[in-house]
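Each chain gets a letter, A, B and so on, in the order its sequence line appears, and its residues count up from 1.
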Protein chains: 2
Amino acid sequence: MSPTHTEVTTAPAPTLATAPADLDPCGHEDHPDCGIRDVLDRIGDKWSVLVIVELAGGPRRFRELQRAIHGISQRMLTLTVRRLERDGLVLRTVYPTVPAQVDYRLTETGSSLTHLVKALTDWSLTHRPVIAEARDAYDRDHPDHDIR
Amino acid sequence: MSPTHTEVTTAPAPTLATAPADLDPCGHEDHPDCGIRDVLDRIGDKWSVLVIVELAGGPRRFRELQRAIHGISQRMLTLTVRRLERDGLVLRTVYPTVPAQVDYRLTETGSSLTHLVKALTDWSLTHRPVIAEARDAYDRDHPDHDIR
DNA sequence: CGGAATCCCCTGTGATACTG
DNA sequence: CAGTATCACAGGGGATTCCG
């Protein structure tokens with residue numbers, strides 16, 4: 001890594017006015033396990049959100065999902081939909097045909113997540129350029145760092 | 001894992017009407033790398049959102065952050081704020097005092113994320129009971145599975 | 001105080017092969 | 001088609017130690 005972060009400031013050290021966390025998702029001051037953790041552990045993985053996005057377009061079969069979600073392996077798709085099913089976000093239906101046919105669709109709860117996902121993608125698309133620029137600037141000022 | 005998922009349905013297999021993904025974050029049909037990936041890779045990790053939540057309450061020093069975010073290690077806090085700094089979501093300021101003093105605060109871009117985070121925590125708090133119930137039900141119907 | 005450097009484990013994920 | 005079963009591996013992340 002670069003020879004240690006060394007960009008200092010000449011300004012005097014301020015006394016941080018311990019501002020209150022007006023966004024505190026918990027009830028009390030010491031964030032013990034903020035409910036947010038639940039969501040993150042659930043949709044914060046590599047594929048869940050993409051599955052939800054795809055299912056937001058309507059029911060999909062296993063292969064359809066796999067084809068739609070570029071790069072996901074069979075194994076991960078299985079694990080992802082299973083977890084979503086377990087959490088009640090996705091409904092899995094098996095039709096006793098031959099060969100087997102299974103479809104997945106969002107439950108009521110799952111659908112309520114699509115708004116958030118939409119907001120996330122919107123934010124992403126809006127700020128992507130700014131972030132890319134910030135990144136380039138950082139990488140320019142900090143040659144040979146290994147962040148990410 | 002349990003002897004294979006075997007909950008079938010008696011209903012006839014429907015012909016999925018390939019509904020359009022009206023939530024498609026990409027421009028075209030085949031989701032190649034949906035912009036959503038960018039956000040997820042950025043705030044979808046274990047700690048970033050918690051740091052953002054804390055900084056939403058105002059500037060914080062390194063130790064303050066670590067104390068506020070229960071369970072985070074020194075190493076991960078460092079890595080997390082570095083990545084956020086690199087992406088231009090957090091501003092890091094070093095005061096040449098002795099011992100060193102550093103504070104972190106959200107940038108304009110970073111602040112714009114607090115709305116989303118708030119929405120996420122709200123959703124989490126609202127649906128937590130339902131999800132917990134779904135989970136229990138699943139675990140009851142599928143004894144000895146190893147999902148998650 | 002605010003890190004950086006190491007060591008190490010464990011989990012998530014991919015690749016491949018097999019099955020009802 | 002829709003999985004399951006294994007193997008194999010990179011990297012995320014924790015604990016500890018050292019430094020300016």
Grab the [atom1]-[atom2] distance between [X] and [N] for me, whole Å please.
{"X": "B/His70", "N": "D/dG13", "atom1": "NE2", "atom2": "C1'", "result": "16 Å"}
{"X": "B/Arg92", "N": "C/dC1", "atom1": "CZ", "atom2": "P", "result": "16 Å"}
{"X": "A/Asp41", "N": "D/dG12", "atom1": "CG", "atom2": "P", "result": "17 Å"}
{"X": "B/Tyr95", "N": "C/dG2", "atom1": "OH", "atom2": "P", "result": "12 Å"}
{"X": "B/Glu64", "N": "C/dC1", "atom1": "CD", "atom2": "P", "result": "11 Å"}
{"X": "B/Asp146", "N": "D/dA5", "atom1": "CG", "atom2": "C1'", "result": "11 Å"}
{"X": "A/Leu65", "N": "D/dA2", "atom1": "CG", "atom2": "C1'", "result": "12 Å"}
{"X": "B/Ile69", "N": "C/dG2", "atom1": "CD1", "atom2": "P", "result": "14 Å"}

Set of residues satisfying side-chain contact (heavy atoms from CB on, under 4.5 Å) with respect to B/Asp139, sequence neighbours excluded: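 For B/Asp139 the side-chain contact (heavy atoms from CB on, under 4.5 Å) partners, ignoring immediate neighbours, are A/Arg86, B/His145.
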Pi-cation contact, B/Trp47 with B/Arg75 (under 6.0 Å, within 45°): no
Test side chain to side chain donor-acceptor pair (under 3.5 Å) applied to B/Asp87 and A/Tyr138, step by step: CA-CA 8 Å; B/Asp87 289 339; A/Tyr138 187 95; over 6 Å; no
Option among A/Leu89, A/Leu113, A/Val49 that satisfies the side chain to side chain contact (heavy atoms under 4.5 Å, CB included) test with A/Arg42: A/Leu89
Shortest non-hydrogen separation from B/Arg82 to B/Arg92 and the atoms involved: NH1-NE, 3.3 Å
Contact letters for nucleotides 6-20 of chain C, in which S counts primed atoms plus P, OP1 and OP2 and B counts the base, heavy atoms under 4.0 Å: B-----SBBB-B---
Residue-phosphate contact under 4.0 Å: B/Arg82 side-chain N/O, C/dG3 OP1/OP2: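 The answer is yes; a side-chain N or O of B/Arg82 sits under 4.0 Å from OP1 or OP2.
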Close side-chain approach of A/Phe62 and A/Gln74, heavy atoms under 4.5 Å: yes
